[in-house]
Amino acid sequence: MRLLTRAEEYVLLAVLKMGEEAYSLPILEHIEQTTHKKWTLGGIYIPLYRLEEKGFLRSELGSPTRERGGKRKRYYRITRKGKEALKEHREIQTAMWAAVGKATLE
């Protein structure tokens with residue numbers, strides 16, 4: 001399996017955490033709050049698109065809403081394949097950090 005990019009990992013984790021309410025703006029806000037970094041919507045749309053192409057996410061359009069001028073939100077759901085990718089990614093990261101051992105970052 002291909003490794004996830006950092007942005008893909010963050011997006012998958014946000015979608016996993018948010019469950020039924022995972023659409024672009026709350027995903028962006030969650031990532032910004034968690035990383036304490038400024039992100040753009042474009043910064044999450046690309047990973048969302050790639051993750052859906054890989055089968056790690058699936059999306060569907062919700063009902064039109066008055067507050068969005070009749071536009072519909074695209075909701076994202078993580079798939080089993082997406083959860084497996086996250087598990088594998090975490091295992092690889094854990095192994096890499098364990099291999100570093102007591103080496104210092106300073």
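Note that this is a predicted model, so its numbers are computed, not measured.
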- Co-membership, hydrophobic cluster, residues Y49 and L25, 4.5 Å side-chain: no
- Query: Residues in side chain to side chain contact (heavy atoms under 4.5 Å, CB included) with K38, at least two apart?
  - Reply: E32
- Do any N or O atoms from the side chain of K73 and from the backbone of A22 form a donor-acceptor pair under 3.5 angstrom? no
- Message: Looking at every heavy atom in both R72 and S63, which two are closest together, and how far apart are they?
- Response: CG-C, 3.7 Å
- Determine whether L4 and L86 make a side-chain contact, defined as any pair of heavy atoms from C-beta on separated by less than 4.5 Å. yes
- Partners of R50 by side chain to side chain contact (heavy atoms under 4.5 Å, CB included), sequence neighbours excluded? T5, E8, I46, P47
- Task: Could you tell me which residues satisfy side chain to side chain contact (heavy atoms under 4.5 Å, CB included) with K83, sequence neighbours excluded, listed by chain and number?
- Result: L16, I78
- Message: Taking salt bridge (Lys or Arg N to Asp or Glu O under 4.0 Å) as the cut-off, I'd like each qualifying pair that reaches into residues 11-23, sequence neighbours left out, listed once.
- Response: E20-R77
- Between I27 and A14 the two heavy atoms that sit nearest each other are CG2-CB, 4.0 Å
- What pairs with R6 under salt bridge (charged side-chain N to carboxylate O under 4.0 Å, His left out), at least two apart in sequence or on another chain? E9
- Go through the structure and list residues passing side chain to side chain contact (heavy atoms under 4.5 Å, CB included) with Y45, not counting sequence neighbours. S24, L41, L48
- Message: Any side-chain to backbone donor/acceptor pair from S59 onto Y76? Under 3.5 Å, distance only.
- Response: no
